[in-house]
Structures are given as structure tokens and as C-alpha cells.
Novice: 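My questions will all concern the structure given below.
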Amino acid sequence: MSTAEIRKFLTDRLARLEERVRAACTRSGRARMDVTLVAVTKTVGPTAATILTELGVLDLGESRPQELWRKAESLPPAVRWHLVGHLQRNKIERTLRRVSMIHSVDSVRLLEAIESEAAIQGRSIEVLLEVNASRESNKTGFSPADTLSLARNLANLRHVHVRGLMTMAAQTENPTEARPTFAELRTLRDRLQLEAGDAVKLDQLSMGMTNDFEVAIEEGATLIRVGTALFEGIPGGGQA
Ligand SMILES: *Cc1c(COP(=O)(O)O)cnc(C)c1O
């Protein structure tokens, strides 16, 4: 397996994915530039991730903080790293030094701990509140009611900019079954924006993965998190 083979594979996968993203945008009357593809690189090594950046995908996501740190060391500094999985509080410091956006803020304690560390580091950080919109008991995230109860606090955060909401739909055979979950996340965002006021700008919705990103785009996703559709079957298993 050579990097040329990996490049060819990823060029082809990206083109096919891009075609589907564009079609979903067209169907729903949205501009392609209003939807950001976050390539979730958790199943591949730094070589494949680097090739993807050379093909123009600069928004990369990881679900585990340690893996994000590891890849960030060897990838170009232009990459915008997105943490899409759970963040333990003892990993905030190192993660904040690397990441552009944290999609997975799932508790008030975590939100406050990120605010404190961002103040120490003298930086601002964009985050999303993870919502358990599908109400599965095995999932992390705020309930819709708890999300709304945060509205008044958002404008008081000085270093953390809450930019919107993130969710994962239940895994189903039929992606249209995810539609109510995505529609609910958008409605919840709209209500939260009304209650939070103009000092915060909740313009981001992170929803949609390989199985359901087209439905998510139709329901207003601004960030889609895609791994499998890009990397499944990659030459060499993607370990390089
Ligand atoms: C792995 C992962 C993705 C990507 O999922 P695919 O189905 O492989 O596209 C998206 N979001 C989160 C939080 C993930 O952990």
C-alpha cells in the first residue's frame, strides 16, 4: 500500500461524498458553503488524515482527546480540530491547546471547567452543547429541558462561546427515522436563541454522520461529522 493508492482512494471517496452533500443542499435550498464537513479521522492514522488535508479538508474531528493530541502533533497547523467525543476534565488543559471547537459539552461542570481553563490560557473557545435529543438512556448529553435552563447563563461566559447544539441520532436502518431528532434539535436551538438573547449567536447545528448526514442537512445541519463514508475500505486499513 502506497500513499499514492491512499490518495487515489480518498480523492474518489471525497468526490462521491461531496456529490451527496451538494445534492442534499440543493434539495433543501441551502448553500454548500453553509455546511462544513468535519472528517472524523478516528479510524485512520496520521498519513491518511494528512492526505485528506492535502485534498482540502481542513476540519478534522476526533472522539478521543489523546488521539486528537497525537494527530495534532504530526498534522499541519492549519487543521481546525474538532473534539466530538466525551472530554474528561483532567484532559481539558491539553485539549484546549489544540482544538478549535468542542462539540461534546455534556454537563454544566464541564462547561465551567472549560471556561476556567480558557481564562488561564487567555484564549477563547467555541463549543456546542451536546443534547440527548433521541432520549436514549445510554447516551450522554443534556436533556432538552436542561439545555433550555442554561439559556440565561450563556451570555455570562467570557471565554467560552457557545455556538449551538450537537446531537447523535439513534442508529437505525432507515435514515429518515433520524429526521424528528434533527428537527427537534433545530427547534430547541431556536428556542434557546430566543431565551439567551442577542449576546450569544447560536448559529451552529452539529448533526449527521455517515448514515444520516443527508437528512441532517435537510433539517439544517451546519456541521456534519463523517468518518465511515470516507475511510471504510481504505487501502492498508488506514493504519499508516
Ligand atoms: C465516529 C463518530 C462520527 C462519525 O461516524 P461515521 O458513522 O463513521 O460517519 C461522528 N460523530 C461522533 C461523535 C463519532 O464518534
Side-chain angles (χ1 to χ4, degrees), residues 9-10 12-21 23-24 35-46 48-49 52 55 57-72 79-88 91 95 98-107 110 126-136 138-142 147 163-179 181-182 185 204-234 237-239:
F9 176 91
L10 288 176
D12 178 58
R13 279 297 171 88
L14 191 58
R16 283 200 256 168
L17 177 60
E18 189 56 35
E19 203 170 292
R20 291 171 61 189
V21 170
V35 179
T36 298
L37 167 65
V38 178
V40 180
T41 50
K42 67 187 176 196
T43 59
V44 295
L52 204 58
L55 297 174
V57 180
L58 288 176
D59 287 275
L60 301 185
E62 282 289 334
S63 56
R64 292 176 55 241
Q66 296 100 312
E67 184 60 20
L68 189 153
W69 307 339
R70 185 175 84 94
K71 283 208 184 78
V79 171
R80 291 177 292 270
W81 286 102
H82 298 251
L83 182 72
V84 301
H86 183 66
L87 178 59
Q88 301 88 341
K91 301 202 170 64
T95 301
R98 302 290 195 187
V99 87
S100 294
M101 182 182 266
I102 300 170
H103 291 225
S104 41
V105 174
D106 55 7
S107 73
L110 180 60
E126 306 204 314
V127 309
L128 306 175
L129 304 175
E130 181 174 352
V131 180
N132 184 357
S134 58
R135 293 189 181 73
E136 290 168 284
N138 60 342
K139 281 212 183 129
T140 53
F142 292 99
T147 308
R163 292 293 303 274
L165 305 178
M166 178 272 226
T167 201
M168 288 204 263
Q171 286 286 345
T172 57
E173 293 282 292
N174 183 351
T176 63
E177 287 174 28
R179 193 180 296 280
T181 299
F182 295 152
L185 196 75
Q204 302 294 326
L205 288 172
S206 171
M207 54 191 198
M209 313 184 353
T210 291
N211 285 327
D212 51 23
F213 70 86
E214 288 154 307
V215 176
I217 290 171
E218 290 166 16
E219 295 301 328
T222 60
L223 295 150
I224 56 171
R225 311 179 307 270
V226 179
T228 304
L230 283 169
F231 301 119
E232 194 176 50
I234 192 169
Q239 286 324 295

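All ligand and atom numbering here is 1-based and tracks the order in the structure. In this chain, residues are counted from 1 in sequence order.
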Novice: Would you mind listing which atoms of ligand 1 come within a distance below 4.0 Å of any non-hydrogen atom of S63?
Specialist: 15 (O)

Novice: Looking only at protein heavy atoms, which one is nearest to atom 5 (O) of ligand 1, and what is the separation?
Specialist: M209 CE, 3.6 Å

Novice: Can you check whether F9's main-chain N or O pairs, donor with acceptor, with D12's side chain at less than 3.5 Å?
Specialist: no

Novice: If you measure only the distance, is there a donor-acceptor pair under 3.5 Å linking the side chains of Q204 and T222?
Specialist: yes

Novice: Under a 4.0 angstrom heavy-atom cut-off, which atoms of ligand 1 come close to T228?
Specialist: 6 (P), 7 (O), 8 (O), 9 (O)

Novice: Any donor-acceptor pair under 3.5 Å linking the side-chain atoms of E62 with those of T41?
Specialist: yes

Novice: For M207 and E219, what are the C-alpha separation, side-chain angles and deciding distance, and is it a side-chain contact (heavy atoms from CB on, under 4.5 Å)?
Specialist: CA-CA 9 Å; M207 54 191 198; E219 295 301 328; 4.0 Å; yes

Novice: Nearest protein heavy-atom contact for atom 13 (C) of ligand 1: which residue, which atom, what distance?
Specialist: V84 O, 3.4 Å

Novice: May I ask you to test the V105-E130 pair for a side-chain heavy-atom distance under 4.5 Å?
Specialist: no

Novice: For ligand 1, which atoms sit closer than 4.0 Å to a heavy atom of V226?
Specialist: 9 (O)

Novice: What residue and heavy atom of the protein are closest to atom 9 (O) of ligand 1, and at what distance?
Specialist: T210 OG1, 2.5 Å

Novice: Around atom 11 (N) of ligand 1, find the nearest protein heavy atom and jot down its residue, atom name and distance.
Specialist: R225 NE, 2.9 Å

Novice: Checking contacts here: is it the side chain or the backbone of K42 that comes within 4.0 Å of ligand 1, counting heavy atoms only? Could be both or neither.
Specialist: side chain

Novice: Indicate yes or no: does an N/O atom of N211 lie under 3.5 Å from an N/O atom of ligand 1?
Specialist: no

Novice: Salt-bridge test for R70 and E67: reply yes if a basic N is under 4.0 Å from a carboxylate O, no otherwise.
Specialist: yes

Novice: When you check the side-chain N and O atoms of T176 and N174, is any donor under 3.5 Å from an acceptor?
Specialist: yes

